[in-house]
Amino acid sequence: MVNSNTYKQYFNIWLLLMFLTVITVGAAQFDFGSLNIPIAMLIASIKAGVVALHFMHLKYEDGMTWIFATYPIFLLFLLIAFSATDIFTRVVN
Amino acid sequence: MSQSHSFDKSYLEDGTGFKSWFFTHDHKRLGVMYLWAIGIFFILAAIASFLIRFEHLTPGQTIVDAQTYNVLFTLHGAVMVFLFIVPGVAASFGNFLIPLMIGARDVIFPKLNLYSFWVYCAGAIIFLIALAAPADTGWTFYTPYSIDTGANVILVTFGVFVLGFSSILTGINFIVSIHKLRAPGLTWDRLPLFCWAAYATSLLQVLATPVVGITLLLLIGERYFGLGFFDPAKGGDPVLFQHFFWFYSHPAVYIMILPAMGIISEVIPVFSRKPIFGYKAIAYSSLAIALISFLVWGHHMFVSGQSKLINIIFSVITFAVAVPTAIKVFNWLWTMYKGSIELSAAMLYSLAFIFLFTIGGLTGLFLGALAADVHLHDTYFVVAHMHYVMIGGTVFGLFSAIHFWYPKMWGKMFDEFKAKIAFVLIFIGFNIVFFPQFILGTLGMPRRYFNYSPEFATLHQISTYGTWILGIGFIIMLYALLRPISNKAEANPYKSASLEWAMPSPPPTLNFEKIPTLTASTYDYGTKLEQEA
Amino acid sequence: MPFMKFVKSLALPSEMLPPIIEEESHFDPETEHSAAKLGMWLFLATELLLFGGLFAAYAIFRAKYPEMFLEGSASLDVVLGTVNTVILIFSSYTVAIAVSAIQENRIRLVKWMLWITIICAAIFAVNKYFEYSYKISNGITPGTDIFYSIYYAATGVHMLHVFIGMAVLGVLLKKVNEGRYHKGNFTAIEIGGLYWHLVDLIWIYLFPLLYLA
């Protein structure tokens with residue numbers, strides 16, 4: 001798994017992450033209205049994905065690890081979706 | 001401890017004294033210690049429940065005052081839930097059986113297994129001290145009361161947080177063990193159904209527990225640092241606490257029941273002398289329960305002020321979770337159909353499980369129906385439903401396991417006759433205690449109330465008398481189990497085809513000197529095994 | 001020269017290292033290695049869901065009180081937040097190097113990288129300390145409003161993970177110094193590294209949500 005290219009690759013990944021951080025901060029200077037959060041989350045997810053795939057070696061792992069790595073994201077989505085549905089469709093009388 | 005040494009001595013004889021147990025990495029010893037721990041907590045919480053029932057013998061004050069009553073039901077609920085039934089069958093029999101059933105020498109992380117037992121002990125101590133402080137929130141810690149009450153909340157919730165850690169670590173251990181340590185030939189479609197159930201349970205433990213962890217941390221933060229998430233005065237939302245709480249606590253219901261279902265799937269084919277019917281359906285329904293159980297938590301909150309839309313959504317999905325459960329029940333019945341059934345004590349508890357759990361499950365559907373729930377919510381109907389599922393389900397499953405694996409665990413035989421007498425008393429007593437509570441609930445008797453109107457007196461009294469029969473049954477069962485009639489158990493007294501019975505009773509410390517290779521399913525009754533015998 | 005001898009000893013192939021008495025194990029090393037990784041990923045899943053409650057609270061309250069969140073996040077120091085982001089990402093990079101280096105027996109490199117990671121974590125903690133104390137001296141506490149509740153709760157729980165991560169890396173470093181890890185035994189460093197990456201991952205989300213909202 002480790003060869004002479006590995007360290008160079010890590011360095012490139014680090015550069016990419018730095019570049020994405022600049023974009024994160026840069027994008028926040030503009031107001032996209034309701035898209036502000038989705039854009040910020042998209043960039044953050046790209047960064048997180050890069051860290052997971054390359055630094056955490058998820059790209060070398062088997063399917064089961066992928067399931068365990070991604071399933072909690074689905075559950076988190078459920079938690080947010082159901083509780084938000086409640087809170088924003090409540091009629092207070 | 002040399003390798004050969006660990007195969008010619010049984011795990012019970014391999015070292016004596018406190019240290020050889022409390023520092024052991026042996027999954028069997030850890031399972032036995034969990035069993036003792038949950039047994040002691042069960043007795044403790046059961047005594048609290050006997051006092052609660054005694055208090056209800058007459059309207060008004062009978063033996064304790066209202067504040068003591070609140071402390072008693074908090075103690076009963078909290079100990080039963082967090083110290084007995086959540087670790088319960090999974091930690092005790094899961095630890096004891098999984099490595100034996102999958103043909104491994106131990107769980108994959110033996111040291112972590114010991115640590116999670118220690119964490120459980122530490123959590124239990126914190127929790128018990130905190131409950132004695134005392135606590136009066138009930139086991140659910142609902143806000144805003146839990147933010148305002150003068151009683152002890154921080155330490156109790158911290159205890160639950162620590163116990164959650166133990167639950168998570170055990171779950172990780174089981175999942176990885178089942179993935180990585182199955183013996184050659186033990187494919188997923190030959191895996192014993194108890195392991196499937198334990199696997200699904202572990203998934204829930206690992207994925208649901210952290211959410212209640214952060215919720216309780218935030219609750220501590222509300223009391224200690226003045227966070228505002230659940231405090232309406234600060235713009236927070238107390239119902240959000242209930243969302244977070246039930247996101248864990250509904251799956252936790254299946255953490256409690258799934259391992260018991262696994263036990264029933266093991267016991268029924270052995271005493272029916274037939275291969276399990278619908279192996280795949282039972283196995284996958286365990287996973288289906290684990291997946292769907294994350295989608296229904298809102299049915300605990302129909303009258304909390306939750307929005308109508310989400311009420312309807314949760315009500316509909318709740319009916320879906322009944323499907324995999326029903327699949328299991330039908331498959332157990334089909335397994336018994338035309339089998340040669342032997343009514344041993346373990347089998348009796350399993351049969352009672354099917355009967356009582358079906359009542360508990362179907363009344364659960366009443367409660368899942370939105371309109372009915374508005375009437376029945378927070379009445380004794382819920383209490384009765386919950387106890388039919390938790391005692392009639394989990395505890396009867398646990399008793400079935402204790403009797404069934406007794407020879408394997410202790411290398412001794414108990415007196416079947418005494419055990420059957422105990423069963424009859426427990427079965428009758430249980431129904432006398434809880435069936436009247438269904439009626440009380442439909443008549444409108446609210447749960448957790450100290451006092452009640454005189455017209456409810458008769459039903460309350462019947463229920464209280466039932467606890468006495470139930471108590472006598474428990475004592476006889478304990479007597480039968482603690483006074484074995486033979487000190488020499490055969491390796492396989494019940495002629496089971498499962499792997500754990502293929503080694504001596506009790507098994508040696510490292511289980512298998514040579515890791516076995518499986519060539520057939522472990523449910524081949526009435527076929528190969530019978531011919532060999 | 002004793003010093004050069006010392007340096008060379010750091011790069012010895014595994015078969016020439018002093019024999020280490022391992023814990024008695026019932027399973028083959030390959031199984032143990034892959035199992036440890038799978039177990040760690042499961043643990044990371046629980047960590048993600050632990051923060052999940054905070055992310056869910058964020059989503060709900062942000063939708064409920066958008067102005068409060070804009071105002072609150074404008075009051076946070078973006079420069080300090082950005083510096084901390086850069087520090088954590090860099091520490092993730094160094095841990096990744098350490099995990100690969102141990103597999104080649106480049107022990108000295110591993111030590112350097114672990115040291116740098118721990119120092120980065122310490123700098124992160126110091127920055128956070130200044131941030132907290134500045135806020136508190138201005139009378140802004142967790143109870144001020146929901147935004148600060150989330151700010152303190154989320155960064156506080158994250159901070160706790162930074163400290164745990166520092167402790168884990170410290171223990172790993174100590175054991176590396178004792179010569180316990182090498183080409184044939186690097187699982188602990190690998191899963192310790194995974195934990196540290198998670199600390200980074202969580203911050204990658206917290207940073208834009210809190211500082212740049």
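Note on naming: letters A, B, ... go to the chains in the order of the sequence lines (proteins, then strands), and numbering restarts at 1 for each one. Just so it is clear, the model here is predicted, and its values are computed rather than measured.
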Please check if the number of heavy atoms outside B/Tyr142 that lie under 6.0 Å from its OH is greater than 12.
yes
A side-chain contact here means heavy atoms from C-beta on lying under 4.5 Å apart; do C/Thr31 and B/Ile108 qualify?
yes
Which answer fits C/Tyr65, side chain, backbone, both or neither, if we ask what part of it has an atom under 4.5 Å from a heavy atom of chain B?
side chain
Verdict with reasoning, B/Asp237 to C/Lys64, per side chain to side chain contact (heavy atoms under 4.5 Å, CB included):
CA-CA 11 Å; B/Asp237 189 340; C/Lys64 211 171 172 184; 4.2 Å; yes
Are more than 12 heavy atoms, taken from residues, nucleotides or ligands other than B/Phe22, located less than 6.0 Å from that residue's CZ atom?
yes
Let me confirm one number: the CZ-CZ distance from B/Phe109 to C/Phe27, rounded to the nearest 0.5 Å.
9.5 Å
Where does B/Leu112 contact chain C at under 4.5 Å (heavy atoms): side chain, backbone, both or neither?
neither
Rounded to the nearest 0.5 Å, what separation is found between the CG atom of C/Leu54 and the CZ atom of B/Phe229?
6.0 Å
Under a 4.5 Å heavy-atom cut-off, does chain C meet the side chain of B/Leu218, its backbone, both or neither?
side chain
Can you tell me how far apart CG (C/Leu50) and CZ (B/Phe161) are? Round to the nearest 0.5 Å.
6.0 Å
Under 4.5 Å from a heavy atom of chain C, the part of B/Leu181 involved
side chain
Interatomic distance, B/Leu207 atom CG to C/Leu49 atom CG [nearest 0.5 angstrom]:
6.0 Å
Segment of C/Thr46 engaging chain B (4.5 angstrom heavy-atom cut-off):
both
Heavy atoms of other groups near B/Phe165 CZ, more than 12 under 6.0 Å:
no
At their closest point, which heavy atom of C/Ala56 faces which heavy atom of B/Phe244, and how far apart are they?
CB-CZ, 3.9 Å
Considering only heavy atoms, give the residues of residues 143-167 of chain C separated from chain B by less than 4.5 Å, sorted numerically, with 'none' for an empty result.
C/Gly143, C/Ile146, C/Ser149, C/Ile150, C/Ala153, C/Val157
Report which part of B/Asn173 has an atom under 4.5 Å of a heavy atom belonging to chain C: side chain, backbone, both, or neither.
neither
Which distance, rounded to the nearest 0.5 Å, do you find between the NE2 of B/His179 and the CG of C/Leu42?
7.5 Å
Under 4.5 Å from any heavy atom of chain B - which part of C/Phe43
both
If you count every heavy atom of other residues, nucleotides or ligands that lies below 6.0 Å from C/Tyr134 atom OH, does the total exceed 12?
no
Enter the distance from B/Ile214:CD1 to C/Phe55:CZ here, rounded to the nearest 0.5 Å.
10.0 Å
